[in-house]
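Inspection log for the structure reproduced underneath, given as structure tokens.
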Amino acid sequence: MPLPLRRLFSHALFRRSALFSISVIASTVVGLVSIKLITDVLGTAGWGNLYLLQAINQFASILVAFGWGATGPASVAALAPEDRRQFLVDSLFARVPLLLVVGPLAIILGIALGSDPAMAILATLTYTVPGVGAAWYFVGTNRPLALLAYDALPAILGQIAGLIAVVIVPALWAYLAATAAFTMGGVLVGLIVALRGQDGARLHRPAPSALAAEMRTQGHGLVTLLFGNLATTLPAVLLQIFSPTAVPVFGMVDRIFRYGVIVLGPILQAAQSWVGEQADLLRTRARTVMWFSIGIGLAGGVCFATLAPVFSQLLGSIEISPLLAVIGAIAFASECIGQLVGLAGLVALGQGRVLSRSAVAGAVVTVGLLIPATGFGGVTGALAVVALPLVGVAVWRAAALWRTTRPTPTLE
């Protein structure tokens, strides 16, 4: 084997990415099959309804997770082992009350946009409840097998059970009922496993002032994910209002985009736990991740442009034009760079404010242009407005990391 490849395969970052990939590969395959089967059984309109409910509740899940999903892995990786479980407990005292508020709001929005109340409730149980889970904790503590067993596996089994149910009972509620049962079970068991430990530390209820301070530190992560997700949730809602028949097309582009981000997940998870492990190598590792992200982004963009039209026909007989594929590819390449540089590099460097500022700026551009772009350009206009800010965010974050890791001149 050539020496460069041997060095790549032996690198700690590569090995961790491979371990975290186990759960991603399995969940992606099942997810792709589910799109095909649901489209065949319920039609493109039925799948479009499911996509809309998923978009609403995945946005709600980010609100519930309140930033821990973004900055939690890097934060917990930097803690002493005896302090990690308490960090998880502190987060639960914030996230569970948020679930009790945000969950009903997601249900109400789903009903307002035309979904059946039972389906809106089941969708919230399936896609919002994971916001209180321990997945990010398993990432930060470098436990890929626990992530597979208690996060990915319940979701996979739930999807399989849901596909069987929807074949027997061709209704969307049957699919959502099965996925909701497995999701809630996985979240509960995962938390129980994560909170068990042999470190001897006594867990306690956080003081309100300490919890408030901790929530403030998670603000940058919350804003980053919230406004980043808004770029795909808002177009789906607007298209449902102004042009419901366009939702399946946008949904297919977005779903392929999201599966690409899922594939990126193991690399991001490995980078988050790797960058912050050694303080003396922090800047060097952060810059390594930046160069790595550019290569990943370019390769991912080429794959997206080439494969998205093919996958859309195979999965749901929904046509993605070459123009939509290219726009999606630009968006995906930028997302790869922005996520790796931001969540793995800048967070570890203590530059979380750059994440939130760039995310807010991108969201402001998206929201400001989205309504006229969707009105005049339909799906193409909506997707172009999503892609443009992602490019700007990626450049902004990469430039910030470059400045932060630049060697400090020394005076002779």
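In this structure the side chain of Tyr259 reaches within 4.5 angstrom of the side chain of Ile35, judged on heavy atoms. For the pair Leu63 and Leu98, the minimum side-chain heavy-atom distance is 4.5 Å or more. Leu163 is listed as a side-chain neighbour of Ile38, based on a closest heavy-atom distance under 4.5 Å. Using a 4.5 Å heavy-atom cutoff, the side chains of Ile164 and Ile160 are in contact. Inter-residue side-chain proximity for Arg143 and Val193 is flagged as met; some heavy-atom pair is nearer than 4.5 Å. The closest side-chain heavy-atom distance from Val302 to Leu298 is not below 4.5 Å. The shortest side-chain heavy-atom distance between Val379 and Val253 does not fall under the 4.5 Å cut-off.
In this structure, Thr288 contributes its side chain and Thr284 its backbone to a donor-acceptor pair below 3.5 Å. Remark: the backbone N or O of Trp402 is paired with a side-chain donor or acceptor of Arg287 at under 3.5 angstrom. In this structure, the side chain of Gln240 does not engage the main chain of Val247 through any donor-acceptor pair within 3.5 Å. Under a 3.5 Å cut-off, the side chain of Thr128 and the backbone N or O of Asn57 do form a donor-acceptor pair.
For the residue pair Gln339/Glu335, the side-chain donor-acceptor check at 3.5 Å is satisfied. No hydrogens or angles considered: a donor-acceptor pair under 3.5 Å links the side chains of Gln54 and Tyr127.
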Exercise. Between Ile296 and Ile337, does a side-chain contact (heavy atoms from CB on, under 4.5 Å) hold up when you go through it step by step?
Worked result: CA-CA 8 Å; Ile296 292 292; Ile337 297 170; over 6 Å; no

For this session: Go through the steps for Met290 and Thr405 under the test side-chain contact (heavy atoms from CB on, under 4.5 Å), then give the verdict.
Result: CA-CA 11 Å; Met290 183 190 70; Thr405 58; over 6 Å; no

For this session: Take Met252 and Ile320 through the test side-chain contact (heavy atoms from CB on, under 4.5 Å) and record every step on the way to the result.
Result: CA-CA 8 Å; Met252 183 61 71; Ile320 294 179; 3.9 Å; yes

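Here the CZ-CD1 distance, from Phe304 to Ile327, works out to 10.5 Å after rounding to the nearest 0.5 Å. The CG atom of Leu355 sits 5.5 Å away from the CG atom of Leu346 when rounded to the nearest 0.5 Å. If you take CD1 on Ile108 and CG on Leu113, they are separated by 12.0 Å, rounding to the nearest 0.5 Å. Here the CZ-OG distance, from Phe59 to Ser61, works out to 11.5 Å after rounding to the nearest 0.5 Å. Taken to the nearest 0.5 Å, the CZ atom of Phe257 stands 5.5 Å off from the CG atom of Leu390. For the atom pair CZ (Arg95) and CG (Asp90), the distance works out to 10.5 Å, reported to the nearest 0.5 Å.
Ring geometry for Trp47 versus Tyr51: interplanar angle under 30°, hence parallel rather than tilted (30 to 60°).
The minimum heavy-atom distance between Ser91 and Trp68, with the atom names listed, is CB-CE2, 3.3 Å. Contact detail for Ala359 and Arg397: the closest heavy-atom pair is CB-NH2, 3.9 Å. Summarising the geometry of Ile56 relative to Gly110, their closest heavy-atom pair is CD1-CA, 4.0 Å, with the distance given to 0.1 Å. The two residues Arg85 and Leu195 make their nearest non-hydrogen contact at NH1-O, 2.6 Å. In terms of heavy-atom proximity, Pro309 sits nearest to Ser312 at O-OG, 2.8 Å. The nearest pair of heavy atoms linking Ile330 to Ser334 is O-OG, 2.9 Å.
Results of the side chain to side chain contact (heavy atoms under 4.5 Å, CB included) test with Val249 over Leu324, Thr44, Asp254 single out Leu324 as the only residue that passes.
More than 12 non-hydrogen atoms from other residues, nucleotides or ligands lie less than 6.0 angstrom from CZ of Phe332. When the shell of 6.0 Å around CZ of Arg258 is examined, it contains more than 12 heavy atoms from other residues, nucleotides or ligands.
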Donor-acceptor list for residues 364-374 side chains, cut-off 3.5 Å, not counting sequence neighbours:
from: Thr366; atom 1: OG1; to: Gly362; atom 2: O; distance (Å): 2.9
from: Thr374; atom 1: OG1; to: Leu370; atom 2: O; distance (Å): 2.8

May I have the list of side-chain donor-acceptor pairs in residues 175-187 shorter than 3.5 Å, sequence neighbours left out?
from: Thr179; atom 1: OG1; to: Thr126; atom 2: OG1; distance (Å): 3.2
from: Thr179; atom 1: OG1; to: Tyr175; atom 2: O; distance (Å): 3.2
from: Thr179; atom 1: OG1; to: Leu176; atom 2: O; distance (Å): 2.9
from: Thr183; atom 1: OG1; to: Thr179; atom 2: O; distance (Å): 2.8

Side-chain donor-acceptor pairs of residues 130-140 under 3.5 Å, sequence neighbours excluded:
none

